[in-house]
Amino acid sequence: MDVEFSILGRKYALYQKEYEEAALRALRSGWYILGKELEAFEESFAEYMCTANCVGVNSGTDALILAFRALGIGAGDEVIVPAGTYIASVIGVTENGATPVFVDSDEYLLIDAGKIEEKITDKTKAILAVHLYGQACQMDKIMEIANRYGLYVVEDCAQCHDATFQGQKAGTFGDIGCFSFYPTKPLGALGDAGALITDNENLAEKLKMLRNYGSRVKYHNEISGVNSRLDEIQAALLLVGLKHLPEENKMRIELAKKYLSGIKNEAVKLPIIRAGSTHVFHLFPVLVEDRECFQAYLAENGIKTQVHYPIPPYVAGCYSEWGYQWEDYPSASYIAKHEVSLPIYAGMPDEEVKYVIEVVNMFVQ
Ligand SMILES: Cc1ncc(COP(=O)(O)O)c(C=O)c1O
């Protein structure tokens with residue numbers, strides 16, 4: 001049996017009529033940038049996230065870059081970031097000229113909140129919590145540290161649309177929550193898109209200026225900004241996606257439960273969920289000593305897998321001047337060398353899930 005890692009066109013095929021109606025509505029409106037569709041999406045997403053403001057931008061990476069810029073973080077400032085994350089999280093810091101200070105991963109594959117405090121210096125201005133794979137970080141501890149030291153908290157929610165920690169939605173704990181709507185994400189556009197959420201009206205106002213050349217009024221450029229706007233067609237498509245987000249998440253969570261109860265192989269370490277957290281399983285990451293052998297074995301049996309992520313940002317080529325070594329962050333390094341993401345997507349047929357479980361259970365290292 002062939003099992004795809006995910007099927008990108010599936011969501012479009014499933015909700016085709018709604019997507020096409022939405023796209024046509026935007027196309028026929030004669031207005032394509034900063035219009036009614038974006039306003040409607042920003043309002044709906046803010047309400048959905050139980051927050052006061054949403055500001056749509058071009059991508060999740062732009063959301064992160066503009067979040068730190070809006071907070072006034074730049075050269076000479078330090079930001080605490082996870083050692084194990086996707087490079088875009090760190091780009092949000094370095095594009096502003098600030099310095100990322102890495103903290104190793106915990107057993108949930110997220111920033112180890114217990115190791116943050118030892119990295120704080122008089123230059124530290126913020127903590128970046130990345131809710132990777134679909135699970136929220138330990139936000140009570142992170143917020144307690146941030147409040148005690150007077151630090152900003154930015155949340156990278158690119159993979160966790162709808163995940164909660166102690167009943168509160170990830171993205172609403174800190175000063176700003178940053179979302180990616182890249183097509184594969186739990187809430188995906190059919191192109192690039194992103195957004196920021198915040199309860200702070202001043203920050204929201206500043207973000208709206210930053211995404212639009214630093215202006216509130218055309219040609220009155222009050223601050224130094226960029227062009228990063230979520231266009232009308234993507235906003236209209238996202239309104240369709242948002243309507244279906246809860247059912248899509250539910251389907252993936254059900255699949256993950258099947259993996260969690262069905263996979264019984266000591267060679268395959270399953271993801272764990274922190275007490276009080278909900279995990280939306282954007283990805284289903286397992287850890288295997290001999291990753292190459294495991295991936296090859298699954299591929300021989302028709303099962304496609306991916307790795308998230310093989311090179312941690314602290315050793316990425318673009319940051320080589322810092323001179324970090326893999327072993328500087330043993331846990332993040334271990335995850336980068338041994339993580340394998342099993343196929344998981346809303347609508348994955350039951351027989352495929354059963355087949356993956358069967359094949360994984362027969363794996364011998
Ligand atoms: C954790 C994380 N942060 C940020 C991003 C960047 O989002 P985008 O691709 O929309 O720029 C991604 C995208 O893959 C991501 O996974």
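All ligand and atom numbering here is 1-based and tracks the order in the structure.
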Sub-4.0 Å atoms of ligand 1 with respect to non-hydrogen atoms of A88: 4 (C), 5 (C), 6 (C)
What I want to know is whether G60 and ligand 1 share at least one N or O pair that is separated by under 3.5 angstrom. yes
Taking heavy atoms and a distance under 4.0 Å, where does Y309 meet ligand 1: side chain, backbone, both or neither? side chain
In terms of hydrophobic clusters joined by side-chain contacts under 4.5 Å, are V79 and V103 together? no
Does E247 have more than 12 heavy atoms from other residues, nucleotides or ligands lying within 6.0 Å of its CD? yes
On a heavy-atom basis, I'd like to know which of P82, A195, S180, A63 is closest to atom 9 (O) of ligand 1. S180
So, H244 versus Y15, ring centres under 6.0 angstrom or not? yes
Atom indices of ligand 1 within 4.0 angstrom of T61 heavy atoms, with elements: 6 (C), 7 (O), 8 (P), 11 (O)
Per-atom filter on ligand 1: closer than 4.0 angstrom to a heavy atom of L132 are 1 (C)
Of all protein heavy atoms, the one nearest atom 14 (O) of ligand 1 is K185 NZ, 2.7 Å
Show the atoms of ligand 1 that are less than 4.0 angstrom away from any heavy atom in Q159. 1 (C), 16 (O)
Considering non-hydrogen atoms of the protein only, which is the closest contact for atom 2 (C) of ligand 1, and what is the distance? A158 CB, 3.3 Å
For the side chain of D199 and the backbone of A52, is there at least one donor-acceptor N/O pair under 3.5 Å apart? yes
Any cation-pi pair here, R274 with Y108, using under 6.0 Å and within 45°? yes
Under 4.0 Å, heavy-atom basis, I'd like to know which part of S59 is in contact with ligand 1: side chain, backbone, both or neither. both
May I ask you to check whether Y133 and F281 place their ring centres under 6.0 Å from each other? no
Backbone, side chain, both or neither: what part of D62 comes under 4.0 angstrom of ligand 1, heavy atoms only? neither
Looking only at distance, does D156 have an N or O less than 3.5 Å from an N or O of ligand 1? yes
Y48 ring centre to K169 NZ or CZ under 6.0 Å, with the angle to the axis within 45°? yes
